[in-house]
Amino acid sequence: QERLVESGGGFVESGGSLRLSCVVSSVPFFGFTWAWYRQAPGKERELVAAIRHGGRTELADSVKGRFTISRDDEQNMVFLQMNTLKADDTGVYYCNKRPVMGFWGQGTQVTVSS
């Protein structure tokens, strides 16, 4: 029913870890670049990480060395492993293509205490 379904968010202390998952349905997956975006309260949505069809990844400077993006082309899923979380990582995390499509999923809330 829903084309993009994110999960795995939650509450975590600074320095903790979370693993986010995105299930893609009824949307062409193979051959496209997929990405994770996040939006903090009062701020615009920003790119966090992206992974190309060949596996090449890129990360925002703020998360380099801490986050890892991966994909499973057989299951049409995208993942984001987040380690050493900081309070500034707090926000709603969304998966989408890069460039983005004309719609978004509900996102998953990540809250990091300081």
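One is the number of the first residue; the rest follow in order along the sequence.
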Given 3.5 Å as the limit, does a donor-acceptor pair link the side chain of [X] with the main chain of [Y], or not?
X	Y	result
Trp34	Cys95	no
Asp88	Val112	no
Thr111	Thr90	no
Asn96	Met101	yes
Lys86	Ser62	no

Which atoms form the tightest heavy-atom contact between [X] and [Y], and what is the distance?
X	Y	result
Gln81	Ser17	NE2-CB, 4.1 Å
Met77	Ser21	CE-CB, 4.1 Å
Tyr93	Glu6	O-CG, 4.0 Å
Gln106	Val92	O-CG1, 4.2 Å
Thr84	Arg66	O-NH1, 2.9 Å
Ala87	Ser114	CB-CB, 3.8 Å

Sub-4.5 Å side-chain heavy-atom contact between [X] and [Y]:
X	Y	value
Glu13	Leu85	no
Val24	Leu4	yes
Arg38	Val110	no
Met82	Asp89	no

Legend entry - Worked check of side-chain contact (heavy atoms from CB on, under 4.5 Å) between Phe11 and Leu18: CA-CA 9 Å; Phe11 298 86; Leu18 287 172; over 6 Å; no

Legend entry - Approximate separation, where rounding is to 0.5 Å, of Ile51 CD1 and Thr33 OG1: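 The distance works out to 9.0 Å.
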
Inset, instruction - With rounding to the nearest 0.5 Å, note down the distance linking NZ in Lys97 to CZ in Phe29. - result: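 Interatomic distance, Lys97 NZ to Phe29 CZ, rounded to 0.5 Å: 9.5 Å.
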
Ring pair (Phe, Tyr, Trp, His ring centres under 6.0 Å) partners of [X], counting only residues at least two apart:
X	answer
Tyr37	Trp104
Trp36	none
Phe79	none

Legend entry - More than 12 heavy atoms of other groups within 6.0 Å of Asp72 CG: yes

Inset, instruction - Would you indicate whether Phe30, at its atom CZ, is surrounded by more than 12 heavy atoms from other residues, nucleotides or ligands within a distance under 6.0 Å? - result: no

Legend entry - Asp61 with Lys64: basic N within carboxylate O range, under 4.0 Å: yes

Inset, instruction - Tell me whether Leu47 is reachable from Leu20 by hopping between hydrophobic residues (I, L, V, M, F, W, Y) whose side-chain heavy atoms are closer than 4.5 Å. - result: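 No; tracing contacts between hydrophobic side chains, which count when under 4.5 Å, never links both residues.
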
Inset, instruction - Using the rule that two of Ile, Leu, Val, Met, Phe, Trp, Tyr join whenever any of their side-chain heavy atoms come within less than 4.5 Å, decide whether Leu80 and Phe32 are in one cluster. - result: yes

Inset, instruction - Just do the side-chain contact (heavy atoms from CB on, under 4.5 Å) check on Arg45 and Val100 with the steps written out, would you? - result: CA-CA 11 Å; Arg45 189 149 37 203; Val100 299; over 6 Å; no

Inset, instruction - Apply the test side-chain contact (heavy atoms from CB on, under 4.5 Å) to residues Arg52 and Glu58: give CA-CA distance (whole Å), side-chain angles for both, the deciding distance (0.1 Å), then the verdict. - result: CA-CA 9 Å; Arg52 299 179 180 180; Glu58 58 183 279; 4.1 Å; yes

